[in-house]
Amino acid sequence: MASDEEDFVFHGTPIEREEEIASRKKKAVAGASGNLRTLPAWKQEVTDEEGRRRFHGAFTGGYSAGYYNTVGSKDGWAPQSFTSSRKNRAGARKQSISDFLDEDEKADMEGQSLSASSQFDTFGFTAAEYSRKQVEKEQHERPSAIPGPVPDELIAPASESIGVKLLLKMGWRRGHSIKDVRASSGARREARKAFLAFSTDENTKETSDSVVSETEVETSLDPQFSEDIKMSESTPVYVLNPKQDLHGLGYDPFKHAPEFREKKRSRLSANKEAGFRKPLSMKESLFGPKSGKIAPGFGIGALEELDVEDEDVYGGYDFDQTYVIEDEQPAKPSNDNRLRLTSKEHDVLPGFGAAKNSDYSMERFSPPKIPKDFVARHKFSGPLEAETKPTLSAPPDVPPPADNNLKLLIEGFATFVSRCGKLYEDLSREKNQSNQLFDFLRGGNGHEYYARRLWEEQQKRGDQSKLTLDVKPSSSVQKMTAEERGSLLGEKPLQRSLKETDTSASSGGSFQFPTNLSDTFTKSASTQEAADAVKPFKDDPAKQERFEQFLKEKYKGGLRSTDFNRVNSMSESARAQERLDFEAAAEAIEKGKAYKEVRRATERPLDFLAGGLQFTSGGTEQIKDTGVVDMKSSTTYPKREEFQWRPSPLLCKRFDLPDPFMGKLPPAPRARNKMDSLIFLPDTVKAASALSESQEHKKETSIEEPEVEVEVENVERPVDLYKAIFSDDSEDDEDQVMNRKIQEGQEKKNEAAASTLNRLIAGDFLESLGKELGFEVPSDVPYQEGTKPMEKESKSRSKPEGSSDKRPDRSGFKQKVEEKTSSLTLGSEEEKSRKQREKSPRKRSGGNDLSSSESSGDERSKKRSSKMDRYRNNDSESDSSSDYHSRDKQSSRSRRKRRESSREKRNSHKKHSKHHRSKKSSSSKLVYSSDEDRKESKREKRRRRD
Amino acid sequence: MSATAELPTKEAHVLKGHEGAVLAARFNGDGNYALTCGKDRTIRLWNPHRGILIKTYKSHGREVRDVHVTSDNAKFCSCGGDRQVYYWDVSTGRVIRKFRGHDGEVNAVKFNDSSSVVVSAGFDRSLRVWDCRSHSVEPVQIIDTFLDTVMSVVLTKTEIIGGSVDGTVRTFDMRIGREMSDNLGQPVNCISISNDGNCVLAGCLDSTLRLLDRTTGELLQVYKGHISKSFKTDCCLTNSDAHVIGGSEDGLVFFWDLVDAKVVSKFRAHDLVVTSVSYHPKEDCMLTSSVDGTIRVWKK
């Protein structure tokens, strides 16, 4: 056997015998058996002979992973994640073999499918295809040789020239120089032939390598150079890309920040010409700031939109901009002409020298000569002529013709002509050649009179135009004033006093007309002189001016000028405020008060001018003086109002305070805001319009009342108004009405539930209070249930309404009038308020009796409705709200919450209209808020849509 | 000028680190540390007496407008342009809770004495009270009687006081369940309470600070001279209640005598708008922050 084996030559490894493998396996298993038993089944690993983890192959999940060799996780096989077929249909996935192969298997596969890459496939199809595509692409870029649409099938771009084809046939390969071909003389001859063919071919067809081939043609003619030239089909055409920067060779400053390259290029191209490159603009917009000033130092997320609030309100501080500093600045080619010469120098034919100075010179044409008498201004030939050129000599004054009709005609015609110009006269003369009536045009009857009239008219018009010119010589923008317009329309110019013109001229010509008009209606009053002398607003000339204007209007009556829109910078309320100031000042002047007093009277409101308006006058004044002013103003301004406010029980708990409303009704919705916004002006505006003491008092009461006492049944709500404005939430209104009714019912219930003791105490207290004041107190006070006697009198005084739960009366409105008078008669304010409070419960109680009986009926009838149930639910809950927060959250509660929140929303957006108005005045300059103003309104709109 | 000698007018440290405007700088309860916040969306914890930055807190999505620390220095809250109130753990720097609910930017936050609730004042014209004790993220209470942006909020043991652009300073007294509205007629920018708790100082946007008596609502004094017309600038009282401090939009800081309203001292603290002033609870030390990105510590 041994000798036998020596005779053979073995290749490869022999296939192992079955038995041998089996035995080795047995051994391995025996070795591992100790481990196997201890491990849980899913943790056992399958190993091969050498103890390596066994590899199962692609289809069995790679390594045997445990879990009974199924999957790699305890959770089991995760199916393909579900995709909703509604939105994106799962397309039929195309499977290929590579999906199922492992990396190494793929590598194996790759090895099998070796193929020549296009680069080396000289004769193969791929190269041809490749070049054909290349050509096609290029052809798309350049204009077609045949104009008009040509079907693509007809003209297929030639991928390679016939010459190249021939060359290839002869054994030339792309990328190689022709020189190689020269090796044998025969081959060289062939090559020459091919080249000739190539060059002749070149003229007839368009190919991709036109540039290259052109040079080839040239050089092929020249035997010296032909050898050196390479056929560089596949080698790139040398692109002239001069190095213009001062960096080192190969240094790329933008290597790690390509976006700056774009930036720089754009800057360069912007320098050179527009429309050089487009595609970078998008990128730029990505990186560049989009709008306005953005707060520096940090950016916002890519997904966030730039918002108003991202703008830097604190502008003015420049944080260093991050620029890549570029030190290089390419030397610009200075002159085109010289460039041409130098460029010529490079490619002069051998034996020739470049011309030192080129023959070519630009022919220049000198600009046309302007005639000396040329005036660079356009003149209108027609009507203006008549105006500008004054009639030299006045025609003699002639008595009008006896014929009245003729006289009228002449006068009318004269005015017309003066307005429209001489042209019109000529025209009508021609037109009315035969007309007897127009004889006066041709020197007939009444011609003198006509001439005179015409002259007069022209004179008048000349004055006007001169005047208008005088009035506004400073204004660069030629605007049509009312006067001009009037004169164009043929309105009669009004007579004016000289003085008037002066003032109006100073105040800007555009408002002359109305003031003139008012002047014509009224005569100048003496008070104006007084005001002029006094000048209460001398600190602020603009304001003083406005004040004078105001005085003029006030005392002279007539038409009101629309002067106010001139002061665009002033807000609405500031304007109103100013007007009030003016009123006050004017009144003071009128009464002939001393200057000082006037000053003070006007100073006071100045300090409280709303909006961002600043008045420097206050600062310069003596401290004492401001003290006086403040004392005065303090009577109006730090104005205290008190409302009921119900802290939530949890809040009280967190502050470690006893809940003052423990065991009482939940607060009624605050209707105050709604009322306010619909009926009253915003507080600030209201307060601003404090004119005199008495008025102030009235106002205060009127303000207080709606706020302290809100909503009562027997006042008809201006529902129509609500609906007109907020028609979309009519349902909610309905809800509210219901709500109110229910609350009444609930009150009644509460009443029953309330302890009689409490009532007695409260009643006693009220009674005693009433006695003190000499009022009659109703014995039956239904609202006193929950009140505890308070330790302080002031607190307890406020209590009755407090317990009455905020909803007492709208009838306060009706009462208001009577009360106002009554309160005025009462001396002190305290007494007044006390009286109100005495009164209101009385009324309330009456009203309540009525309404409660009503509502109880209502309640019965509506018990079925689900809405009712809802309310009842939360009523009952709040009834026993002593253990309010210990309750677990019920659905009803959350529902109520929702309701509350919706109510809030509604309230808030009802507030909005008012809010905005007041805001314009008060917070327009406040940066935080004004920023958001726009957004807020947007939000509001959205809400309203909901 | 013995009066000025008492005042912290010497610059002790400049705290740099914020990128962009610093919107608020606040001492902690004992005055050993300071928290600042700004346009760069960060809150920074400093030791102002040594001038070192201790920690930076990042989580806000937009600028941070106000910050307040609990009395035990364990937690703090912040608010800002992202409409949320953040409740932070000081040491770990983690956000414990985020309170969402404001419809607009939140201008100011304050803890109450026991640090059980956070009260925030928002652009949505509301004050919201958030509970820190429970896990609820719903507001405990929403006070929405303001007619305009609420700029500032101050808490006492029993009251919540808010200052609004509608010109009112409203005091919500939890003991009696009343709201006292003091209308100043001018947008209120910042309010701060005197250390004795009797007065409230309201910085108004007519470049005036007004001192109100809290019990009567009476105007006690008016302080003028600085500029405050369009930015949120703070004002406060010294810890002795002897002087009133106000930042100005031209970078100055003003000291007024509380009683006679004279400008006792003014000096240039920053180049740009002084956004915030905070006075040390015990010592004569003051923090100012500015739009120029710095916080300065001032001492005697």
Side-chain angles (χ1 to χ4, degrees), chain A residues 295-298 309 313-314 316-317 319 607-608 610 612 614 618-619 623 626 630 634 636-648 650-652 654-657 660-661 670 682-684 687-688 795 798 802 904 907-908 911 914-915 918-919 922-923 925-929 932 936 939, chain B residues 19-21 39-41 62 81 103-105 107 112 114 116-117 123 125 129 131 133 140-142 144-145 147-149 157-158 165-167 172 174-187 205-207 210 212 217-219 222 224-225 229-232 261-262 272-273 291-292:
Chain A
F298 43 86
E309 62 226 40
V313 291
Y314 296 106
Y317 191 77
F319 292 89
D607 287 325
F608 293 95
Q614 188 214 6
I623 289 168
T626 52
D630 291 333
S634 67
T636 52
Y637 254 122
K639 191 170 57 193
R640 173 159 283 204
E641 293 166 275
E642 274 196 45
F643 316 110
Q644 192 192 24
W645 172 68
R646 190 182 171 112
S648 79
L650 189 55
L651 182 65
C652 295
R654 290 280 178 260
F655 274 82
D656 287 331
L657 296 168
F661 292 86
R670 265 185 106 137
D683 285 10
T684 46
K795 275 177 201 164
S798 64
E904 269 162 34
N907 275 351
S908 73
K911 253 193 283 179
K914 163 199 180 184
H915 166 66
S918 66
K919 197 177 207 172
S922 59
S923 71
K925 284 214 90 185
L926 190 81
V927 176
Y928 279 174
S929 44
E932 267 75 55
E936 184 72 16
R939 211 177 297 138
Chain B
E19 300 167 43
K39 291 277 268 185
D40 61 355
R41 306 164 188 203
R62 288 189 187 276
D103 274 345
E105 288 68 14
N107 290 321
N112 67 338
S114 55
S116 53
V117 296
F123 177 72
R125 309 190 301 281
V129 184
D131 192 1
R133 290 266 169 83
V140 173
Q141 177 117 32
I142 299 170
D144 57 354
T145 55
L147 304 176
D148 207 331
T149 307
K157 280 196 165 63
T158 58
V165 175
D166 66 4
F172 300 89
M174 273 162 269
R175 288 171 304 183
I176 55 171
R178 300 291 289 172
E179 169 190 343
M180 260 90 73
S181 163
D182 293 315
N183 195 341
L184 299 178
Q186 281 296 330
L205 279 180
D206 59 343
S207 299
R210 292 183 168 84
L212 299 178
E218 204 181 319
L219 182 67
V222 171
K224 284 183 177 176
K229 284 182 289 189
S230 47
F231 295 103
K232 182 167 173 14
K262 254 186 276 180
L272 297 169
V273 185
V291 172
D292 65 11

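Below, read A as the first sequence line, B as the second, and so on, with proteins coming before strands; counting in each chain starts at 1. Values below: every heavy atom of this structure, side chains too, minus hydrogens, waters and symmetry copies.
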Taking the side chain as every heavy atom from C-beta outward, state whether A:Trp645 and B:Met174 have any atom pair closer than 4.5 Å. yes
Donor-acceptor pair, A:Ser648 side chain versus B:Gln141 backbone, under 3.5 Å? no
Heavy-atom distance under 4.5 Å to chain B: side chain of A:Leu651, backbone, both or neither? both
Do A:Gln644 and B:Glu179 make a side-chain contact, defined as non-hydrogen atoms from C-beta onward lying under 4.5 Å apart? no
Honestly, the part of B:Ser114 sitting under 4.5 Å from a heavy atom of chain A is side chain
For the student: nearest non-hydrogen atoms of A:Arg640 and B:Asp182, plus distance: NE-OD1, 2.7 Å
Min side-chain heavy-atom separation A:Pro647-B:Phe172 under 4.5 Å: no
Ignoring hydrogens, what is the shortest heavy-atom contact between A:Phe661 and B:Gly177? Give both atom names and the distance. CE1-CA, 3.5 Å
Find the distance between CG (A:Asp656) and OG1 (B:Thr158) and round it off to the nearest 0.5 Å. 12.0 Å
Carefully, step by step, assess B:Val140 and A:Arg654 under the rule side-chain contact (heavy atoms from CB on, under 4.5 Å). CA-CA 10 Å; B:Val140 173; A:Arg654 290 280 178 260; 5.5 Å; no
What's the spacing between A:Glu642 CD and B:Arg178 CZ if we round to 0.5 Å? 5.0 Å
Is there a side-chain contact between B:Val117 and A:Phe655 (heavy atoms, below 4.5 Å)? yes
